[in-house]
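Comments concern the structure below.
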Amino acid sequence: MNKKFFSKINAAIFALIFFLASSTESAFDSGNGPKILLAEVASYGQFELKPEFMANFYDVIREKLQENFSVESRITLIDEPSDEDEIFSTIHMDAIAHSRLYRRELANVKMTRYGDSILGKAYYQDENKTAARLKLEGKPYNLTPEIAEKVSKLGAKYGVEYMLFCNVRDADVWRKTGGIFGASPTSSDLKGKRVQVEMEYYLINVKTGKVFEGQNSEKRTSLTTNVLIGKYGNNYTVGDMVNYVLQDQAGKLVQNILKRGLKAVN
């Protein structure tokens, strides 16, 4: 009788230890701090970026966010976008269209159509309005009210305080023939080449619809390779170089959100 009793006690203890370990691991994976949804990492720039490069962007940014935030992420199917994917896309475009950073001539067709539907084509020919936009650096602004309402509902669904959208405006390797997206991520032909990644990001308070915009632009030459060689060896690739630049950008993104973004939207 006693043996059975102690067996049950031991089983309960092991179950409790397993539960606590699982809970600790889960909390660690999601990070600590404000709850944020990495809603979309996409390209609304002039040039289409290949999925094999873009997929890594989402992962790198999420990992950096987890150092300071409790991060929720969502899976997007590029080939078969869901209704919710389209809603997130619309939110992202709305944040871009109202931002100081939006340049109609450097946006793709989908983005320009949305921007024109919100602001009208004539908006961009008005020098006074354009000049006024340029003075908004670091200042929060509002989404379209209907879009802000969608953000609030999705924020409640995912249980987050903030959403983050990243627009990879441009990514390129300067080389004699073609750009990075004419090459494979596994290509090691990088002698004398330079990588550049330009990215905008938009932090949204899900309750108020307030937006903070930021941007990073990084360049690295293949001649400054000490860190890359130490990390990847002598045969590092285009993908390794882009990943290195992106990690640096993602780190700066997180620090800017912590120093300026959270204060701006609250």
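Residue numbers count from 1 along this sequence. A quick note: this is a predicted structure, and the numbers were derived from the prediction, not measured. Only this structure's heavy atoms are used, side chains among them; waters, hydrogens and symmetry mates stay out.
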Next on the checklist: Under the criterion side chain to side chain contact (heavy atoms under 4.5 Å, CB included), I'd like the reasoning laid out for V254 against E67: C-alpha separation, chi angles, the key distance, then a yes or no.
Outcome noted: CA-CA 9 Å; V254 172; E67 295 174 7; over 6 Å; no
Checklist entry - I36 and V160: side chain to side chain contact (heavy atoms under 4.5 Å, CB included), yes or no, with the steps? => result CA-CA 5 Å; I36 188 169; V160 296; 5.8 Å; no
Next on the checklist: Determine whether R169 and R103 satisfy the following criterion, side chain to side chain contact (heavy atoms under 4.5 Å, CB included), listing intermediate values before the conclusion.
Outcome noted: CA-CA 10 Å; R169 187 172 60 233; R103 294 178 62 183; over 6 Å; no
Next on the checklist: Walk me through whether I257 and Y201 qualify under side chain to side chain contact (heavy atoms under 4.5 Å, CB included).
Outcome noted: CA-CA 10 Å; I257 288 175; Y201 49 93; 4.3 Å; yes
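At a threshold of 4.0 Å, the pair K110-E86 counts as salt-bridged, since one of the basic side-chain nitrogens sits closer than that to a carboxylate oxygen. For the pair D59 and R62, the salt-bridge criterion is met [side-chain N within less than 4.0 Å of a carboxylate O].
In this pair, F165 and H92 present their aromatic rings tilted. The plane angle is within the 30 to 60° band.
Here the closest non-hydrogen pair linking G214 and N256 is CA-ND2, 4.4 Å. Between A148 and G209 the shortest heavy-atom distance is CB-CA, 4.3 Å. Looking at every heavy atom in both residues, R74 comes nearest to Y58 through N-OH, 3.0 Å. Shortest non-hydrogen contact noted between Y102 and G115 is OH-CA, 4.3 Å. A pairwise comparison of heavy atoms in N68 and Q255 identifies ND2-NE2, 4.4 Å as the closest pair. Across all non-hydrogen atoms, the minimal contact from I87 to K150 is CG2-CD, 4.2 Å.
Between the side chain of S43 and the backbone N or O of V168 there is at least one donor-acceptor pair closer than 3.5 Å. Checked by atom type and distance alone, the side chain of S99 pairs as donor or acceptor with a backbone atom of L101 at under 3.5 Å. When atom types are taken as modelled, the side chain of N205 and the backbone of K210 share no donor-acceptor pair closer than 3.5 angstrom.
In this structure, CG on L106 lies 11.5 Å from OG1 on T112, to the nearest 0.5 angstrom. Here CD of E200 is found 11.5 Å from CG of L253. Values are rounded to the nearest 0.5 Å. We find the CG-OH distance between D94 and Y114 to be 3.5 Å, quoted to the nearest 0.5 Å. Atom NE2 of H98 and atom CD1 of I118 lie 6.0 Å apart (nearest 0.5 Å). Between atom CE of residue M199 and atom CZ of residue F57 there is a gap of 7.5 Å, rounded to the nearest 0.5 Å. Atom-to-atom distance recorded for R260:CZ and E213:CD is 9.5 Å, nearest 0.5 angstrom.
Between L38 and F69, every side-chain heavy-atom pair lies at or beyond the 4.5 Å cut-off. In this structure, the side chains of N167 and M111 stay at 4.5 Å or more apart for every pair of heavy atoms. At least one side-chain heavy atom of V211 sits under 4.5 Å from a side-chain heavy atom of L143.
When each of I204, N142, I91 is tested with I147 by the rule side chain to side chain contact (heavy atoms under 4.5 Å, CB included), just one qualifies, namely I91.
Between Y162 and N266, the side chains place a donor N or O and an acceptor N or O closer than 3.5 Å (distance only, hydrogens not considered).
Atom CZ of R113 has 12 or fewer neighbouring heavy atoms from other residues, nucleotides or ligands inside a 6.0 Å radius. Within 6.0 Å of CD on E84 lie more than 12 heavy atoms contributed by other residues, nucleotides or ligands.
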